[in-house]
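Remarks on the structure that follows.
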2 protein chains.
Amino acid sequence: MARKYIDNPNACSLVHTMNIIGNKWKPIILYLLSNGSMRFGMLNALIPTISKKVLTNQLKELENDGLLLRQSFAEIPPRVEYSLTEKAVGLLPVLRMLSDWANEAYPEMDFEQCRIIENGKASVQQRV
Amino acid sequence: MARKYIDNPNACSLVHTMNIIGNKWKPIILYLLSNGSMRFGMLNALIPTISKKVLTNQLKELENDGLLLRQSFAEIPPRVEYSLTEKAVGLLPVLRMLSDWANEAYPEMDFEQCRIIENGKASVQQRV
DNA sequence: AATAGTGGTAACCAAAAAGTAACTAATGGC
DNA sequence: GCCATTAGTTACTTTTTGGTTACCACTATT
């Protein structure tokens with residue numbers, strides 16, 4: 001095996017973007033925060049099938065990559081608010097385009113609700 | 001746990017898009033095919049760190065989701081050409097925006113090459 | 001007769017990601 | 001004294017993903 005790297009700046013920044021947001025949960029988290037900050041528990045309620053462990057982990061990674069701001073208030077019971085950074089706001093129009101693309105490319109799909117099936121994968125109804 | 005689904009059409013189509021292209025290799029594959037069709041071996045050479053098994057698998061999934069066309073020629077040795085469908089072409093500007101976003105959001109990164117480190121994760125140099 | 005070349009597949013194994021259930025701290029209300 | 005509340009953490013298990021090696025078909029070349 002010769003090369004040990006991908007030798008193309010555009011592919012490369014794309015790889016980097018997908019390393020940061022290219023998974024099941026992160027785009028939804030960013031999307032849900034697009035109208036303002038939200039508490040941990042609220043995010044967990046709006047994405048009912050994510051486990052607390054994984055949500056915590058995704059939020060931590062997004063924070064480390066500079067996409068989320070985490071504000072913890074010294075109250076009892078605790079309150080933690082998550083909000084988007086400027087970096088993340090710059091990503092919102094692109095997320096919007098990704099969602100528009102799905103609506104156009106898969107008109108037979110019904111995107112009113114994503115049912116979450118047993119193994120945790122999101123699945124979408126066929127339109128009848 | 002109450003709801004078993006995500007109750008938001010926009011989040012939902014976004015989830016669907018990420019189910020289709022939201023992983024390490026698929027965006028690169030689509031990007032590399034943006035200038036025309038390419039053979040299996042060429043793709044494998046341009047993404048030197050993907051294993052044949054995984055490449056085969058990703059190509060199959062992309063074909064099933066209607067993003068790739070696979071043409072197999074009855075020659076010896078075999079020749080198989082992969083190319084983008086219309087659906088996939090519609091995604092290219094969005095992929096472009098994702099890569100532009102990384103360049104803007106992480107100016108300290110050097111996207112000339114993605115080095116691939118031991119565990120297969122792509123990593124990018126810091127600019128010095 | 002052996003080898004190269006292409007696009008795979010099969011069996012097997014390792015690593016990463018994700019799920020589950022129980023537990024914590026600190027306070028207010030009953 | 002007991003329970004509820006919130007945002008987690010911990011330990012453990014399961015699922016998913018990815019990697020490795022060997023192998024195949026079929027022909028041309030050496």
Q: Could you tell me whether B:Phe73 contacts a base, only the sugar-phosphate backbone, or nothing, with contacts defined as non-hydrogen atoms closer than 4.0 Å?
A: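 No contact.
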Does the side chain of [X] get closer than 4.0 angstrom to OP1 or OP2 of [N] through an N or O atom?
X: A:Gln58; N: C:dA18; answer: yes
X: A:Lys60; N: D:dT9; answer: yes
X: A:Arg79; N: D:dA7; answer: no

Q. With a 4.5 Å heavy-atom cut-off, do B:Ile20 and B:Thr17 have their side chains touching?
A.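 A side-chain contact under 4.5 Å is absent here.
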Q) Given that B:Lys52 and B:Asn57 both sit by DNA chain D, which one's nearest nucleotide is further toward the 5' end? A)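 The 5'-side residue here is B:Asn57.
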**Q.** Which residue lies more 5' along DNA chain D, comparing A:Thr56 with B:Val54 via nearest heavy atoms
**A.**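 Its nucleotide being nearer the 5' end, the pick is A:Thr56.
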For the pair made of [atom1] in [X] and [atom2] in [N], what is the distance, rounded to whole Å?
X: A:Tyr82; N: D:dT6; atom1: OH; atom2: P; value: 15 Å
X: A:Arg39; N: D:dG8; atom1: CZ; atom2: P; value: 10 Å
X: A:Met42; N: D:dA7; atom1: CE; atom2: C1'; value: 16 Å
X: A:Lys53; N: C:dA16; atom1: NZ; atom2: C1'; value: 10 Å
X: A:Leu59; N: D:dA7; atom1: CG; atom2: P; value: 11 Å
X: B:Lys24; N: C:dA16; atom1: NZ; atom2: P; value: 10 Å
X: B:Phe40; N: C:dG5; atom1: CZ; atom2: C1'; value: 14 Å
X: B:Asn44; N: C:dT6; atom1: CG; atom2: C1'; value: 11 Å

Q) Counting heavy atoms not belonging to A:Glu104, are there more than 12 under 6.0 Å from its CD? A)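 Atom CD in A:Glu104 is not crowded, with 12 or fewer foreign heavy atoms closer than 6.0 Å.
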Q | Reported CD-to-CG distance for the pair A:Gln58 and A:Leu30, which is rounded to 0.5 angstrom | A |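 A:Gln58 atom CD to A:Leu30 atom CG measures 10.5 Å (nearest 0.5 Å).
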Q: Can you measure from NZ (B:Lys26) to CD1 (B:Ile21) and round to the nearest 0.5 angstrom?
A: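 Going from the NZ atom of B:Lys26 to the CD1 atom of B:Ile21 covers 9.5 Å.
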Q) Nearest to the side chain of B:Trp25 - C:dG8, D:dT27, D:dG18? A)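 Of C:dG8, D:dT27, D:dG18, D:dG18 is nearest to the side chain of B:Trp25.
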Q | From A:Asn57, A:Ile47, A:Leu62, residue fulfilling side chain to side chain contact (heavy atoms under 4.5 Å, CB included) relative to A:Trp25 | A |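 That would be A:Ile47.
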